[in-house]
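Since the structure comes first, as structure tokens, the remarks are kept for the end.
Along the sequence shown, residues are numbered consecutively beginning with 1. Hydrogens, waters and symmetry mates are skipped; everything else that's a heavy atom, side chains included, is used. Just so you know, ligand 1 is whichever comes first in the structure, and atom 1 is the first atom listed for that ligand.
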Amino acid sequence: MIKKASTKPGTKAAPKATGKGAAKMAVKSQSKKAAAAKQPEHKPDTLPADLLSEPADMTVLNRLYDVVLSRKGTDPSVSHSARLLSRGTYKIAQKFGEEAVECLIEAVAGRKDLLVGESADVLYHLIVLWVDAGVTPDEVWAELRRREGVSGIAEKAARPKETFAKKGK
Ligand SMILES: N=c1c2ncn([C@@H]3O[C@H](COP(=O)(O)OP(=O)(O)OP(=O)(O)O)[C@@H](O)[C@H]3O)c2ncn1[C@@H]1O[C@H](COP(=O)(O)O)[C@@H](O)[C@H]1O
């Protein structure tokens with residue numbers, strides 16, 4: 001991920017509301033509190049000590065999926081995943097695309113160390129995309145399993161031939 005400069009808004013003091021304005025603000029703050037109360041609880045992800053001492057492997061993706069899924073509908077101010085998921089499919093897809101481009105830039109530049117970090121960003125954003133779309137890792141693992149041992153060249157050669165008319169050319 002390429003870090004951007006902070007876009008935090010200025011710390012201008014908000015004007016104090018009086019009369020009708022104050023009442024409106026009180027109602028707004030009440031409904032905000034009610035909305036927050038409806039959100040599922042944000043549980044920080046803690047890794048068991050025995051896992052921390054083991055070398056990382058593919059199971060990290062299943063765990064990451066579970067954490068991201070658990071963030072759905074939680075407070076976007078404490079979870080980046082919750083924030084992304086609350087912004088909708090377009091933004092989630094856009095972020096995935098950006099991370100994929102950053103990843104391929106490092107690959108083309110031959111910067112292996114940076115490629116590792118960008119690859120992790122791509123996988124994280126792909127998992128957010130799955131959670132948003134309702135795809136589970138098991139479905140993807142099953143598809144990869146189905147393809148195991150099938151040469152890509154042989155699979156392509158076995159595909160039914162498309163005619164020009166079918167392709168609309
Ligand atoms: N793997 C990641 C991960 N990779 C990247 N990021 C965050 O993604 C953000 C990327 O920043 P960018 O400026 O590129 O994007 P942005 O803040 O959306 O900015 P805009 O593009 O909207 O302007 C940073 O805040 C990173 O910290 C991640 N945030 C979380 N995770 C994992 O997800 C778990 C749950 O995280 P939370 O949902 O934040 O609790 C964590 O424990 C991690 O395991």
Side-chain angles (χ1 to χ4, degrees), residues 1-15 24-25 27-148 152:
M1 128 206 47
I2 291 171
K3 288 275 174 203
K4 292 172 212 151
S6 170
T7 51
K8 240 186 181 175
T11 49
K12 233 183 9 187
K24 252 189 186 174
M25 275 173 78
V27 170
K28 230 180 176 181
S29 133
Q30 284 297 327
S31 52
K32 254 190 177 176
K33 274 181 196 160
K38 267 188 216 157
Q39 278 173 346
E41 193 195 345
H42 172 90
K43 294 187 195 106
D45 43 315
T46 46
L47 214 53
D50 54 329
L51 263 182
L52 275 173
S53 58
E54 278 177 25
D57 63 18
M58 279 290 289
T59 60
V60 75
L61 289 178
N62 282 333
R63 284 199 302 277
L64 182 55
Y65 172 83
D66 289 341
V67 170
V68 174
L69 183 65
S70 77
R71 297 296 196 249
K72 207 175 172 182
T74 63
D75 187 351
S77 67
V78 287
S79 157
H80 185 72
S81 316
R83 180 169 172 264
L84 262 176
L85 289 163
S86 72
R87 294 170 84 185
T89 305
Y90 180 89
K91 188 70 196 177
I92 292 167
Q94 185 190 24
K95 287 300 297 178
F96 173 71
E98 283 173 16
E99 299 300 343
V101 169
E102 286 169 16
C103 189
L104 71 86
I105 287 170
E106 300 311 339
V108 171
R111 290 186 286 250
K112 197 179 158 192
D113 50 341
L114 294 180
L115 179 58
V116 171
E118 293 299 345
S119 300
D121 285 346
V122 168
L123 290 173
Y124 165 70
H125 284 86
L126 178 61
I127 284 176
V128 176
L129 202 80
W130 290 351
V131 168
D132 179 63
V135 167
T136 66
D138 281 351
E139 288 174 283
V140 181
W141 307 157
E143 177 60 17
L144 287 172
R145 177 78 183 79
R146 192 187 62 77
R147 295 179 189 185
E148 258 180 335

Residue pairs meeting salt bridge (charged side-chain N to carboxylate O under 4.0 Å, His left out), one or both in residues 126-141, sequence neighbours left out, come to none
Worksheet item: Mind checking what makes side-chain hydrogen bond (donor to acceptor under 3.5 Å, both in side chains) contact with Arg87, not counting sequence neighbours?
Response: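 Partners of Arg87 by the side-chain hydrogen bond (donor to acceptor under 3.5 Å, both in side chains) criterion come out as none, since no residue qualifies.
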Does some side-chain heavy atom of [Y] sit less than 4.5 Å from a side-chain heavy atom of [X]?
| X | Y | result |
| --- | --- | --- |
| Val68 | Tyr124 | yes |
| His125 | Leu84 | yes |
| Leu115 | Ser119 | yes |

Enumerated ligand 1 atoms positioned under 4.0 Å from heavy atoms of [X]:
| X | result |
| --- | --- |
| Val67 | 34 (C), 35 (C) |
| Leu64 | 32 (C), 33 (O), 44 (O) |
| Asp121 | 4 (N), 5 (C) |

Contact partition for [X] relative to ligand 1, non-hydrogen atoms under 4.0 Å:
| X | result |
| --- | --- |
| His80 | both |
| Leu84 | neither |
| Val68 | neither |

Can you confirm, on distance only, whether ligand 1 has an N/O atom lying under 3.5 Å from any N/O atom belonging to Glu98? no
- Report the member of Gln94, Arg87, Lys95 with the shortest heavy-atom distance to atom 22 (O) of ligand 1.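 Looking at heavy atoms only, the winner is Arg87.
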Output for pair (Trp130 CH2, Leu69 CG), nearest 0.5 Å, gives 12.5 Å
